[in-house]
> 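Quick one: this structure, given as structure tokens, is what I'll be asking you about.
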Amino acid sequence: MANNENNQRPVRVRFAPSPTGPLHIGGVRTALYNYLFARQHGGTMILRIEDTDSRRFVPGAEDYINESLAWLGIKIDEGVREGGNYGPYKQSERRDIYREHVKMLLDAGKAYIAFDTPEELEQAHAANPNFQYDASTRVNMRNSLTMSKEDVDALIAAGEKYVVRFLINPGRDVEVHDLIRGKVVINSSILDDKVLYKSSDDLPTYHLANIVDDHLMEVTHVIRGEEWLPSSPLHVLLYEAFGWQDTMPQFVHLPLLLKPDGKGKLSKRDGDRLGFPVFPLEWHDPKSGEISSGYRESGYLPEAVINFLALLGWNPGDDTEIMSMDELVSKFSFDRCARAGAKFDFEKGKWFNRHYLQQLDDAVLAEKFVAVLRAHGVNPDDFGMEYVTRAVAMVKDRISFVKDLWEQAKFFFVAPTEYEPKAVKKRWSEQMPQIMEELIGVLQGIEDFSSSAAEPIVLGWITEHGYHMGNVMNAFRLTVVGECKGPHMFDITELMGKEETIRRIKVGIENIKLPEA
RNA sequence: GGCGAUUUAGUGUAGAGGCCUAGCACGCCGCCCUCUCACGGCGGAAACUCGGGUUCGAAUCCCGAAUUCGCUACCA
């Protein structure tokens, strides 16, 4: 049995994307599961580029795939960049290998040559909407089964375009053993004689290239999306046709990632429409010039994306949710994989991002904040990194993204010029300018402006005069922050300093207008 | 249409005949903390697709239907 053979072979898995555009987040998850499984078994992770569709090739896509996986921490052991003993790892560079294998099939009578043009096939479909190129119809088509060898050779010699089709014998129940779904049976009669090779570009189709490469690269587990389940019997048949059934890999078909709303597979279009990216990195489409947002550029940490993705379709069996890559590697298993597709709703992903952001060291976060400050016209050098770091430390527990830091901490760098009307209405009153003047006096008299020293003095003064604690403190906050939110008031003033604090109160007294009655 | 897969709260999931008055997390709502907003703590609303069986007993087993998704290309 293939099973027993596989249990003895070293684990080798592959992630095999087509360079037809940016790597989709669903593809990322497939890559992740492959990676987790490989690592767990001390196996090898292969990255194979499946560029057998010359017409759909998109420049830059291959680099994008490499860069995405690198950013996410999914390390490739063998591939175009990494090298390895089973190369080349790009299918367009394996033409000789495929040609040779096509010939093997042809010689063994397991495949045949077909000359039907796209137009002829279209006609066949027009005449019969249920038309399928198979045992019931191939006898009426222009192929090497219905033509003489001389005619076939003559056509090929004349440069006629042809394809090689897999000859499928009908009426057989083909079993596929899937590690997640168990045994799946499909009758070979519903399969068509798939095109394995096209002479037009001298390239195989996915099915042939896939089987040949997986075999030659000694892949032990084919872990891929569920969209491949219906064609997996065809793949089983191909392994048999080559006589490779004893080393046929184990199949694992992962549930798909679906749109959070509506219906269908999560797609490119859903990206910006839904308010979160569906691509790991920002993508500039070379043709349309269209830009699609990416997780990296949107401020997500790779750990958060990985953690969230891992839990879409798999769980460790207990309530653990926060897991590092290493923990995922040790806990992962196919028998804890879900079978139904998961709606890709990134709300929870935000929560993961928030979690990992909180774990970051204040100084590291401050460094990340520098770019945001500059983007808002603030030169961090005017304040110094210690100041930036202390400001970040005070507000970090209220952010989900690095960019949120600006909204939460901007007042540390820019004095308010406007005052939130609602807060003014609630906390500013006729006598408030006078009280604020008094506050200035109190603050001026404080030697040690630290939070712990200043707080009791100010609070004592408020109580002593019978002022309303909430109103006075919030009016104070209003002048310094511009609105009624933010960290502990005296922590703010400690960092800002006496001079700046008093200056802001004065500006506030001047500029805050009592709302019209 | 055909074939296959699939089905627990809004979302991701736990659950493998009695432990289920169905657990956890995100989100949502409320309360507490408090100078504010957050954080945090506490609490709440919210689900077994439907119909038949089997069984003393079913979210869990069987049958049927429905649902959703995928495939049905000289795309992967």
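To find a chain, count down the sequence lines: A is the first, B the second, and so on, and within it residues start at 1. Excluded from the calculations below are hydrogen atoms, water molecules and symmetry mates; all remaining heavy atoms, backbone and side chain alike, are included. Keep in mind the model is a prediction, meaning the values are calculated, not measured.
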> Where each residue is assigned the nucleotide of RNA chain B containing its nearest heavy atom, which of A:K265 and A:L121 is assigned the position nearer the 5′ end?
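Comparing both residues, the 5'-ward one is A:K265.
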> Across all strands, who's sitting opposite B:C39 as a Watson-Crick or G-U wobble pair, both distances under 3.5 Å?
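Across all strands, not a single nucleotide pairs with B:C39.
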> I'd like to know whether A:R181 forms a side-chain contact (heavy atoms from CB on, under 4.5 Å) with A:F251, so could you lay out the CA-CA distance, the side-chain angles of the two residues, the decisive distance to 0.1 Å, and finally the verdict.
CA-CA 10 Å; A:R181 290 153 212 282; A:F251 289 105; over 6 Å; no
> Please determine, for B:C28, whether a Watson-Crick or G-U wobble partner exists with both distances under 3.5 Å, and give it or none.
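Across all strands, the one nucleotide that pairs with B:C28 is B:G44.
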> Just name whichever nucleotide pairs with B:A16, Watson-Crick or G-U, keeping both distances under 3.5 Å, else none.
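Its partner is none (no Watson-Crick or G-U wobble pair with both distances under 3.5 Å).
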> Report yes or no: is the cationic atom of A:K403 (NZ for Lys, CZ for Arg) under 6.0 Å from the centre of the six-membered ring of A:F401, at an angle within 45° of the ring normal?
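Cation-pi check for A:K403 and A:F401: passes.
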> I'd like the P distance from B:G15 over to B:U7, given in whole Å.
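Their P atoms lie roughly 13 Å apart.
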> Please determine, for B:U49, whether a Watson-Crick or G-U wobble partner exists with both distances under 3.5 Å, and give it or none.
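Paired with B:A65.
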> Test A:D397 against A:Q358 for side-chain hydrogen bond (donor to acceptor under 3.5 Å, both in side chains), laying out the working first.
CA-CA 6 Å; A:D397 65 1; A:Q358 305 303 323; over 6 Å; no
> Of A:R336, A:K331, A:E321, which meets side chain to side chain donor-acceptor pair (under 3.5 Å) against A:N315?
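Of A:R336, A:K331, A:E321, side chain to side chain donor-acceptor pair (under 3.5 Å) with A:N315 is met by A:R336 alone.
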> Now, which nucleotide makes the Watson-Crick or G-U wobble pair with B:U55, with each of the two distances under 3.5 Å?
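Paired with no nucleotide.
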> Can you tell me if A:N130 touches the phosphate of B:G1, counting only side-chain N or O atoms and a distance under 4.0 Å to OP1 or OP2?
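A:N130 to B:G1 OP1/OP2: no side-chain N or O under 4.0 Å.
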> So if I define the base as every atom that isn't primed, P, OP1 or OP2, how would nucleotides 3-12 of chain B read as a B/S/- string at a heavy-atom cutoff under 4.0 Å?
SSSSS---SS
> Could you let me know what B:U72 is paired to, Watson-Crick or G-U wobble, both distances under 3.5 Å, or none if it's on its own?
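Looking at the geometry, B:U72 pairs with B:G1.
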> Do we get A:R29 above A:Y33's six-membered ring, with its NZ or CZ under 6.0 Å from the centre and within 45° of the axis?
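The answer is yes; both the distance and angle limits are met.
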> Reading nucleotides 31-36 of chain B 5' to 3', which nucleotides get B (base under 4.0 Å from a protein heavy atom), which S (sugar-phosphate only), which -?
----BB
> Rounding to the closest angstrom, what is the interatomic distance between B:U60 and B:A22 at atom C1'?
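B:U60 and B:A22 have their C1' atoms separated by 11 Å.
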> Can you tell me if the side-chain N/O atoms of A:R56 get under 4.0 Å from OP1 or OP2 in B:A76?
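Negative; the distance criterion is not met.
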> Of the nucleotides B:A38, B:C69, B:C26, which has the atom closest to the A:L258 side chain?
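From the listed options, B:C69 comes nearest.
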